Amino acid sequence: MTESNGPDAAEPTEQMPDWEKRFRAPRVSLPDWAEDAPDRSLFVSNATGTYELYAWDRATGEQRQVTDRANGTTDGVLSPDGAWIWWFDDKDGDEFGVWRRQPFTGGEDELAAPGLDPSYPAGLALSRDGRTAAVGRPTDEDGTTIHLAREGEAPFELYRHRESAGVGDLSHDGSLIAVEHTEHGDAMHSALRVLRPDGTTVAELDDPTAAAGSSAWTCSASHPSTATPASSSDTSAGAAGSRWCGTCGPASRPTWSWTCRAT
């Protein structure tokens, strides 16, 4: 990666005072790595004068620039297997566009979810094998929709509402989708809903008046009598704890976990 003095640099770096060099020094984000291929990482840097995505193979030490656009690119996700880099392609930085993907090792970009029209981004989650994606899509006309896109199949709509919503997460096997929504009209206190791919509800978490971490999951009608909070455990920095009912708890869903974060 070559050093850049920024797009408006008018003099060589060696002629600049130290205070100006500090302001013009390239910025580099912390890397994100693929869950099942931790040697493959993705980070953002403005070394070329605009923020772009960079792939870093820590096994070989190789770094390469993934995107190169006039207005820069900052939204990118590695597939869990490290095979693909998904990146959001908007027009002129207006945050309205489509997801594309590129092989981690380099190659041509392609539409990541063919069949989905441009939208604003509202979350993206990939299954462990990278073949299923949950894509959040707000538009001015339709509110928010969430689509499931499976490789080789046409995307289908899983969720729609006029209020704001987004993808929370996707289970490793793609069988459970967490949706963060504000159907109750309070954007400051989002609710959570876990859905199956057929759109049926598994569980709800919606208690905007409760203290952080004190809410409990409400299960679907298939087992309402077991709707009691399971034990909580902090699984990440800033977490308020995980909550699952007796039937939906960790023992019955080895490939799925969800963290309720404090707001």
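Since we're looking at a predicted model, the values are computed, not measured. All residue numbers in this chain count up from 1 along the given sequence.
To the nearest 0.5 Å, atom OH of residue Tyr120 and atom CD of residue Glu95 are 8.5 Å apart. The CH2 atom of Trp33 lies 9.0 Å from the CG atom of Leu30; values are rounded to the nearest 0.5 Å. A distance of 11.5 Å separates OH in Tyr54 from CZ in Arg64, rounded to the nearest 0.5 Å. Going from atom CG of Asp32 over to atom CG of Leu78 covers 7.5 Å, rounded to the nearest 0.5 Å. Going from atom OG1 of Thr50 over to atom CZ of Arg69 covers 9.5 Å, rounded to the nearest 0.5 Å. Expressed to the nearest 0.5 Å, how far CH2 of Trp84 lies from OG1 of Thr105 amounts to 9.0 Å.
Within the 4.5 Å cutoff, side-chain heavy atoms of Asp206 are placed close to those of His184. Side-chain contact check for Glu52 versus Val44: every heavy-atom pair is 4.5 Å or farther apart. The shortest side-chain heavy-atom distance between Arg160 and Asp142 falls under the 4.5 Å cut-off. Using a 4.5 Å heavy-atom cutoff, the side chains of Trp99 and Arg137 are not in contact. Taking 4.5 Å as the limit, every side-chain heavy atom of Val135 sits out of range of all side-chain heavy atoms of Ile146. No side-chain heavy atom of Leu176 sits less than 4.5 Å from a side-chain heavy atom of Leu170. Annotation: side chain of Leu195 is not in contact with side chain of Val202 (no heavy-atom distance under 4.5 Å). Residues Arg58 and Ser41 have side chains in contact (heavy-atom distance under 4.5 Å, counting atoms from C-beta outward).
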Check the pair Gln65, Thr48 against side chain to side chain contact (heavy atoms under 4.5 Å, CB included), reporting the backbone distance first and the verdict last.
-> CA-CA 10 Å; Gln65 185 174 336; Thr48 62; 3.4 Å; yes
Do Arg193 and Glu183 pass the salt bridge (charged side-chain N to carboxylate O under 4.0 Å, His left out) test, and can you show the C-alpha distance, the side-chain angles, and the key distance before you say yes or no?
-> CA-CA 11 Å; Arg193 180 176 300 148; Glu183 293 176 6; 2.9 Å; yes
Steps toward side chain to side chain contact (heavy atoms under 4.5 Å, CB included) verdict (Ile177, Val194) | CA-CA 5 Å; Ile177 306 96; Val194 177; over 6 Å; no
Could you walk me through whether Glu151 and Arg101 pass salt bridge (charged side-chain N to carboxylate O under 4.0 Å, His left out), step by step?
-> CA-CA 12 Å; Glu151 196 168 306; Arg101 68 177 190 173; 3.7 Å; yes
Can Tyr51 and Arg27 be said to form a side chain to side chain contact (heavy atoms under 4.5 Å, CB included), step by step?
-> CA-CA 9 Å; Tyr51 282 100; Arg27 269 60 171 175; 3.6 Å; yes
Could you go through the side chain to side chain contact (heavy atoms under 4.5 Å, CB included) check for Glu163 and His181 one step at a time?
-> CA-CA 7 Å; Glu163 299 291 344; His181 68 84; over 6 Å; no
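Asp129 contributes a side-chain N or O that, together with a main-chain N or O of Arg131, makes up a donor-acceptor pair within less than 3.5 Å. A donor-acceptor pair under 3.5 Å links the side-chain atoms of Thr67 to the main chain of Leu53, judged by distance alone.
Counted by atom type alone, Ser164 and Thr182 present one or more donor-acceptor pairs between their side chains at under 3.5 Å.
Salt-bridge formation is not detected for the pair Asp81/Arg128: no Lys NZ or Arg NE/NH1/NH2 atom is positioned less than 4.0 Å from an Asp or Glu carboxylate oxygen. The existence of a salt bridge linking Asp89 and Arg100 is confirmed by a sub-4.0 Å separation between a basic side-chain nitrogen and an acidic carboxylate oxygen.
Ring geometry for Tyr159 versus His161: interplanar angle under 30°, hence parallel rather than tilted (30 to 60°).
The two residues Phe156 and Pro197 come nearest to each other via the heavy atoms CE1-O, 3.3 Å. Heavy-atom minimum distance, Val167 versus Ala125: CG1-CB, 3.8 Å. Smallest separation of non-hydrogen atoms from His172 and Ser127: O-CB, 3.5 Å. Taking every heavy atom of both residues into account, Val66 and Ala55 meet most closely at CG2-N, 3.5 Å. Minimum heavy-atom separation, Ser45 to Val28: OG-CG2, 3.7 Å. Closest heavy-atom contact between Thr139 and Pro118: CG2-O, 4.2 Å.
When the shell of 6.0 Å around CD of Glu35 is examined, it contains more than 12 heavy atoms from other residues, nucleotides or ligands.
When each of Asp75, Asp109, Thr73 is paired with Trp87, the side chain to side chain donor-acceptor pair (under 3.5 Å) condition holds for Asp109 and for no other.
Val98 and Phe88 fall into different hydrophobic clusters, defined by Ile, Leu, Val, Met, Phe, Trp and Tyr side-chain heavy atoms under 4.5 Å apart, directly or through other members.
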